[in-house]
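The structure appears below as structure tokens.
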2 protein chains.
Amino acid sequence: MTRILVVDDEPQILRALQINLRARSYEVITAATAKEALRAAAQQPPDLVVLDLGLPDFDGGEVIRGLRGWTDVPILILSGRTQSREKVQALDAGADDYVTKPFAMDELLARLRVLSRRSIRGEDQPEVVIGDYTIDLASQLVTGPDRESGESVTVRLTPTEWKLLEVLVRHPGKLVSQRQLLAAVWGPADHPDSSYLRVYMGQLRRKLERDPSRPRQLLTEPGMGYRFSP
Amino acid sequence: MTRILVVDDEPQILRALQINLRARSYEVITAATAKEALRAAAQQPPDLVVLDLGLPDFDGGEVIRGLRGWTDVPILILSGRTQSREKVQALDAGADDYVTKPFAMDELLARLRVLSRRSIRGEDQPEVVIGDYTIDLASQLVTGPDRESGESVTVRLTPTEWKLLEVLVRHPGKLVSQRQLLAAVWGPADHPDSSYLRVYMGQLRRKLERDPSRPRQLLTEPGMGYRFSP
DNA sequence: CCGATTCCTCACGCGTTCTTCACGGGCAGA
DNA sequence: TCTGCCCGTGAAGAACGCGTGAGGAATCGG
């Protein structure tokens, strides 16, 4: 089920959206402030974001940048500001669409369909291979031969290990900066020390790489980040 | 260069778009009818399509479906029809955005940037060639033949080397002053001595140039700065 | 309440990278 | 020809980043 995060400080708009979206069987989570929004997005990563620019605590642009620091989730801006300057700013900051209030509900829904259509396109590659192991993104399963018996066994990954692996595998071949990884796994807050990363990468390698001390797929790019090489 | 197909039957709009897009160094091809549009798209596949719904020969919806049959190119609808029913139809038919006339040019351009931003993901990343080596800006990867074996190997660049190379490569052919380079790599503080630069340029040349002491692409402009010649 | 798993933190060792300096060569102007 | 200036190159110590092991805190399930 597609999960939508709706951020707006006007309760009646929040309610109207909630009702209409739930009726289309979206899962809806809501936030009324910028802080709430970022926290909610980190805890339950949404597939779509509907964002009002006029929030009480921070500017909506801050939310866009806060999200774009670690996720590519499509963002639709819903705002009362009609000036094209505002629109350009929001779109260039990383938003994907901009609808001005008052708005037609059916148009908004159509635009959301467009966004979810696009974002799903690249994601379907449910199986990835690392050495002897097969990773099934969809069912969150890692299978491979046992160390000695050779039988096919499922490898146990902890939630943190899984999130880390997922981020890397979803950007095959690309370098993923430590910032990105930390934000994706531990939330958008600032993480000055990246020692978690080293620990968990080590654990992943120990579970997935044939020779953990000489990784062939879970590569380190010193000073920059990590890379999953398919 | 990004190629845009603009489809509209009103000459003045066609001209206005053409001028503005060319000024942003897009490559523009135009069509005034549905048939022309489909033919042009087939002959020179565009990276973006701007489409007016009110064409003389066929309905714009036909063009959308005609394109969607074989390509995922982003389509932005530019139409005088403001009814949300029209918008929903077009968006559900496969369009990616919908702007109503009259429109603000800067907003349209911003929306085009959004579309090209999204579509570039996953498709062909910008690659730059230096001698035998290929630089992939998107995934931060440099590949080339090994010095002896000739096999394809990835070249290890340190973070500083990478930053330096990136600045140069992103301004192909242009002269980049030492001030600019120092500021881009080592921060905006003042750097009276430019000896870092010489050291790291040397290292880059040693890793990328066939004859490091006689560079062909990473050129020195004495007293001024450096230049990447493609 | 207890045990097991998972998460977070720290310190150490090692290899790499950064920074700095000195020296030599090419080139232009005096 | 001499003299600066600027650039390339090599070397060396310092600083940094990474992998690893271990231990305690937190969490979860029974």
Side-chain angles (χ1 to χ4, degrees), chain A residues 42-43 140 142 154-168 175-187 189-228, chain B residues 140 142 154-166 168 175-179 181-187 189-228:
Chain A
Q43 282 180 357
Q140 301 217 350
V142 178
T154 78
V155 181
R156 295 187 50 84
L157 292 188
T158 75
T160 309
E161 287 164 5
W162 181 262
K163 274 193 248 175
L164 191 57
L165 179 64
E166 188 172 2
V167 177
L168 286 169
L175 183 139
V176 189
S177 74
Q178 358 201 36
R179 266 193 86 77
Q180 265 177 288
L181 287 170
L182 286 167
V185 179
W186 284 275
D190 251 16
H191 302 272
D193 187 2
S194 61
S195 66
Y196 322 141
L197 259 189
R198 296 191 305 237
V199 174
Y200 279 97
M201 280 302 300
Q203 292 186 359
L204 274 182
R205 294 207 253 244
R206 208 170 313 139
K207 291 185 179 178
L208 299 178
E209 288 274 3
R210 205 171 295 184
D211 181 355
S213 61
R214 203 175 308 250
R216 301 184 57 82
Q217 321 229 219
L218 270 19
L219 306 177
T220 301
E221 301 284 344
M224 308 207 278
Y226 293 87
R227 182 197 307 277
F228 164 67
Chain B
Q140 303 212 0
V142 178
T154 77
V155 181
R156 296 189 52 84
L157 291 189
T158 74
T160 311
E161 288 163 5
W162 180 262
K163 274 191 249 172
L164 191 58
L165 178 65
E166 190 173 3
L168 286 170
L175 181 133
V176 189
S177 74
Q178 329 199 16
R179 272 193 84 77
L181 286 170
L182 286 167
V185 178
W186 283 275
D190 250 16
H191 302 271
D193 188 2
S194 60
S195 66
Y196 311 143
L197 262 188
R198 297 197 303 257
V199 174
Y200 279 98
M201 280 303 301
Q203 291 187 0
L204 274 182
R205 294 208 254 243
R206 205 171 318 138
K207 290 186 178 178
L208 300 179
E209 289 274 2
R210 205 171 296 183
D211 181 355
S213 61
R214 204 174 313 248
R216 302 182 56 82
Q217 322 230 216
L218 271 19
L219 307 177
T220 302
E221 303 284 344
M224 313 272 292
Y226 294 87
R227 180 198 306 277
F228 164 66

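Predicted model only: the values in this text are computed from it and were never measured.
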Can you tell me how far [atom2] of [N] sits from [atom1] of [X], to the nearest Å?
X	N	atom1	atom2	answer
Arg214(A)	dC18(D)	CZ	C1'	15 Å
Leu204(B)	dC7(D)	CG	C1'	16 Å
Gln178(A)	dG17(D)	CD	C1'	8 Å
Arg206(A)	dG19(D)	CZ	C1'	10 Å
Leu197(B)	dT20(C)	CG	P	13 Å
Met201(B)	dG10(D)	CE	C1'	18 Å
Glu209(A)	dT20(D)	CD	P	11 Å
Leu181(A)	dC18(D)	CG	C1'	15 Å

Would you indicate whether the side-chain heavy atoms of [Y] and [X] approach each other to under 4.5 Å?
X	Y	value
Leu218(A)	Met201(A)	yes
Leu164(A)	Tyr226(A)	no
Val176(B)	Phe228(B)	no
Leu165(A)	Lys207(A)	no

Nearest heavy-atom neighbours spanning Leu175(B) and Glu221(B): CD1-CG, 3.1 Å

Phosphate OP1/OP2 of dG8(D) contacted by Thr220(B) side-chain N/O (<4.0 Å): yes

side-chain contact (heavy atoms from CB on, under 4.5 Å) between Trp186(A) and Thr160(A), worked out: CA-CA 9 Å; Trp186(A) 284 275; Thr160(A) 309; 3.6 Å; yes

Five-pair end axes of the helix from dC1(C)-dG30(D) to dA30(C)-dT1(D) and the angle they enclose, rounded to 10°: 40°

With Arg198(B) via side chain to side chain donor-acceptor pair (under 3.5 Å) - residues at least two apart: none

Under the side chain to side chain donor-acceptor pair (under 3.5 Å) test, residues paired with Gln217(B) that sit two or more places apart: none

Close N/O contacts between protein and nucleotides 3-5 of chain D (under 3.5 Å):
none

Contacts of type salt bridge (charged side-chain N to carboxylate O under 4.0 Å, His left out), residue Arg156(A), not counting sequence neighbours: none

Contact letters for nucleotides 3-15 of chain C, in which S counts primed atoms plus P, OP1 and OP2 and B counts the base, heavy atoms under 4.0 Å: ---SBSB-B----

Separation of Lys163(A) NZ from Thr158(A) OG1 (nearest 0.5 Å): 9.5 Å

Between Arg205(A) and Thr220(A): side-chain donor-acceptor atoms closer than 3.5 Å: yes

